[in-house]
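I have placed the structure first, in the form of structure tokens, so that the comments after it can refer back to it.
Both backbone and side-chain heavy atoms feed into the values below; hydrogens, waters and symmetry mates do not. Proteins come first, then strands; the chains are lettered A, B, ... in the order of their sequence lines, and each starts at number 1.
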Amino acid sequence: MRWRNAWIVMRKDLDEFKKQKLVIGSIIAMPIVLGVVLPLAMFVPMVTMVPLERPYDVDGLLQIGNLPDDASAPWTNQTVENASFNATVFNHMTLMNTHLSNCIIDSCVLENTTVMDSTIQNSSLSSSYLMNVTVIRSEGTGLDGRYILAVSSSLVFTKTKPSEIDLVLPMMFNMVLMIFIIVPATLPTIIATYSIVGEKNNRSLEPLLATPTTDGELLAGKIFSAFIPSMGSTLLAFTLGVVLLDVVLIPKVGYPLLPNITWILSMFLLAPTACLMSVLACVLVSSKVSDVRAAQQLGGFIVMPVVVLMLGVLSGFIFLSPVIICVFAGLYGCLDLGLFYFAKAIFNREKILTKWT
Amino acid sequence: MIICDGLTKTFGSITAIQDFSLTIPDGCIFGLLGPNGAGKTTTMRMLSCLIRPTAGAAQIDSLEIGKKEDAQKIRGMIGLLPEVPGLYETLGAYKNLDYFGQFYGVPKQQREESIRTTLTNLGLWDRRSEPVGGFSKGMKQKIAIARALIHDPKYIFLDEPTASLDPAASKTVREYILELKSRGDTILINTHNLSEAERICDTVALVKNKIVKVGSPKALARGLFARTVSFTLQKIPSTLMKDISCLEFVSQAQVKGNQLVLNVRNPEEDNPRVVSWLMKQGLQVQFVTEEEHSLEDVYLKLIEEGGQ
Ligand SMILES: Nc1ncnc2c1ncn2[C@@H]1O[C@H](COP(=O)(O)OP(=O)(O)OP(=O)(O)O)[C@@H](O)[C@H]1O
Ligand SMILES: [Mg+2]
């Protein structure tokens, strides 16, 4: 195998594509429209519907957070359970299973409590949910919270309760990620059928076969010329999508969510195996069909294993976790091997010239 | 040297070519002539290592066409012009030639030079980047021929090279083929154009799914036909045909208008005797010409016979 020859075949194919502005356009546009524009169109309204937090103003918050000297303490040295309070000052209290908002809490013990838009000082917290709270000189574990401004505190946050956005985001990401698997499996049907059926109809395979290039090099070249642009434009859209989704979501969640391990595994394991499966399916189909459109449709049909995954994800039956990604990548990899074996068997000079109609 | 030994190719129940055995010496132009479906293209494809023979073998420079390792070397030595030009229609002439130069492993500089010279000779240098899809059939054919020669092959296989060319272009191609021969290249041509074959081929093989006859165009004609001489007379009397039967060396006589057409054994000796006999009869001889048999006559006669 002289890779150089395969490389020349690919360069030639790509050179031919360059002239097909429509083909090039759709190959670049499709992943961006489906993987970037569409998800953003879904995310931006969702993200803006969740009320925006007020901007952090450390000085201002500290001011709110410092207890006024004359703060009266209507509740002291008591234990409160299963209650709800608004705009109340607590001092030396134990609060359990309680909901507090707009409160000032000083020297208390909080357990299983939800605190919002409040200030907590010199307290001990456990298993509570804090939202938009300023915490001063306190300590706590098992906390879940958002927009926390902690000052001189030792707080250990672990998620106890997922927030609304935490529930929706994984589903959303799951769908968007699916697009980055379907797209690379679809693009080769445009390219591979074109590069093989086109050459077949044009009868340009015979002079090519008359060169010292071997069958294997030719097959490799044809695989590259479909695989590389498909994965290339997918990767481009993937990068763009990750960056833009982060840009939209960072103000909400406070840190970049993407790319996570699932996305990375998907992009570099599952997408390539799905793409290769589609390329090989198209090679097989192209040998039997002499109409580009028919080949594209049949090629799409053979990508069934990807459709199965898609249906599983859309119906919520399959959740794209790193393990699932690896399982499917392995499955597709095996299918790829089988298809490659068949493609190699039919991609031979004599068959191409005498049997490919 | 190309040595074919019993090359046979069948497609299912169809025998495209059977028992094709002959030797093509280096430095000659060898023509394969035959009607449509005679197996010419099939033979050429077998020799180019594109398809494998069903039976038989062939060697090119003592490399076996059936062996995988040899086939690759053979393909590198051959320049093939297929039946259909099969150019990359969206690419320009330059790119078409350049990619093939790369497939044949021609170094970059040599490629550039040879493409420039070829395209300039073809008058296409200025249009080198235009998509060849827009070119005429003949222009495409010329580019396809140039493509077959890009790596300066020792063996050149041309499947109907002048099929779509105008007379002037055909002539250019023929002259080019002769020039290639003078450089010592070996050329195998498939053609239907008999006058062309007659003009440029050293040897032709008439095929019709098997070899019907091999030889130089002249020798083929000689071997097939008795030599015919026509005597143009001012006037032919009606009794002439009866009288002429007394000349024992005339095997066949015919009157066409004011021409007397005779088959004679040996025109060099017999013609003067005919002329003096005619003069004795009081007839005036205006012209004496030997009728040449063209390859076309040979072809039609042999193919008809070969078909039975
Ligand atoms: N791939 C194929 N499958 C089946 N039969 C074939 C195939 N290729 C050629 N044949 C048959 O082999 C025979 C010889 O075909 P070939 O193309 O070699 O003829 P040819 O002499 O080149 O004819 P033409 O002058 O028309 O080009 C024909 O009967 C043809 O139908
Ligand atoms: Mg032919």
Original post:
Taking K19(A), R349(A), E217(A), Q20(A) one by one, which has the highest count of heavy-atom pairs under 4.5 Å against chain B?
Top reply: R349(A)

**OP:** For side chain to side chain donor-acceptor pair (under 3.5 Å), just list the numbers for S170(B) and E196(B), CA-CA rounded to whole Å, side-chain angles, deciding distance to a tenth of an Å, and then say yes or no.
**Re:** CA-CA 9 Å; S170(B) 303; E196(B) 174 174 297; 5.3 Å; no

Original post:
Can you tell which of M77(B), E89(B), K68(B) has the highest number of heavy-atom pairs within less than 4.5 Å of chain A?
Top reply: E89(B)

**OP:** Show the numbers, then the answer: is there a salt bridge (charged side-chain N to carboxylate O under 4.0 Å, His left out) between E16(A) and K12(A)?
**Re:** CA-CA 6 Å; E16(A) 277 189 285; K12(A) 187 232 84 199; 3.2 Å; yes

**OP:** Indicate yes or no: does R183(B) engage D152(B) in a salt bridge with an N to O separation below 4.0 Å.
**Re:** yes

Original post:
Would you call E112(B)-K108(B) a salt bridge at under 4.0 Å N-O?
Top reply: yes

Subject >> Top of G105(B), P82(B), G76(B), P85(B) for chain A proximity - count of heavy-atom pairs under 4.5 angstrom >> reply: P82(B)

Original post:
What residue, out of T213(A), D15(A), N5(A), L209(A), has the most heavy-atom pairs lying under 4.5 Å from chain B?
Top reply: D15(A)

**OP:** Tell me, for L87(B) versus chain A, whether the close heavy atoms (under 4.5 Å) come from the side chain, the backbone, both or neither.
**Re:** backbone

Subject >> Side chain / backbone / both / neither for P131(B) at chain A, heavy atoms under 4.5 Å >> reply: neither

**OP:** Let me see the working for R45(B) and D159(B) under salt bridge (charged side-chain N to carboxylate O under 4.0 Å, His left out), right down to the final yes or no.
**Re:** CA-CA 10 Å; R45(B) 281 179 169 180; D159(B) 203 343; over 6 Å; no

**OP:** Spell out, as yes or no, whether a donor-acceptor pair under 3.5 Å connects the side chain of N96(B) to the backbone of G92(B).
**Re:** yes

Original post:
What part of F11(B) is in contact with chain A, defined as an atom under 4.5 angstrom from a non-hydrogen atom: side chain, backbone, both or neither?
Top reply: side chain

**OP:** Select, from L205(A), T211(A), V9(A), the one with the greatest count of heavy-atom pairs under 4.5 Å involving chain B.
**Re:** T211(A)

Original post:
Between K95(B) and chain A, which part of the residue has a heavy atom less than 4.5 Å away: side chain, backbone, both or neither?
Top reply: side chain

Original post:
Which bit of R2(A) comes within less than 4.5 Å of chain B, counting heavy atoms only: side chain, backbone, both or neither?
Top reply: side chain

Subject >> Which atoms of Y88(B) approach chain A - backbone, side chain, both or neither, heavy atom under 4.5 Å >> reply: both

Subject >> Lys/Arg N to Asp/Glu carboxylate O, K40(B) vs E83(B), below 4.0 Å >> reply: no

Original post:
Who wins among Q102(B), K73(B), R147(B) for the most heavy-atom pairs under 4.5 Å with chain A?
Top reply: Q102(B)

Original post:
Picking from N190(B), I189(B), I78(B), what satisfies side-chain contact (heavy atoms from CB on, under 4.5 Å) with M44(B)?
Top reply: N190(B)

Original post:
Can R128(B) be said to sit on top of W125(B)'s aromatic six-ring, NZ or CZ under 6.0 Å from centre and within 45° of the ring axis?
Top reply: yes

Original post:
Which answer fits S48(B), side chain, backbone, both or neither, if we ask what part of it has an atom under 4.5 Å from a heavy atom of chain A?
Top reply: neither

Subject >> I352(A) portion near chain B, given a 4.5 angstrom heavy-atom threshold >> reply: neither

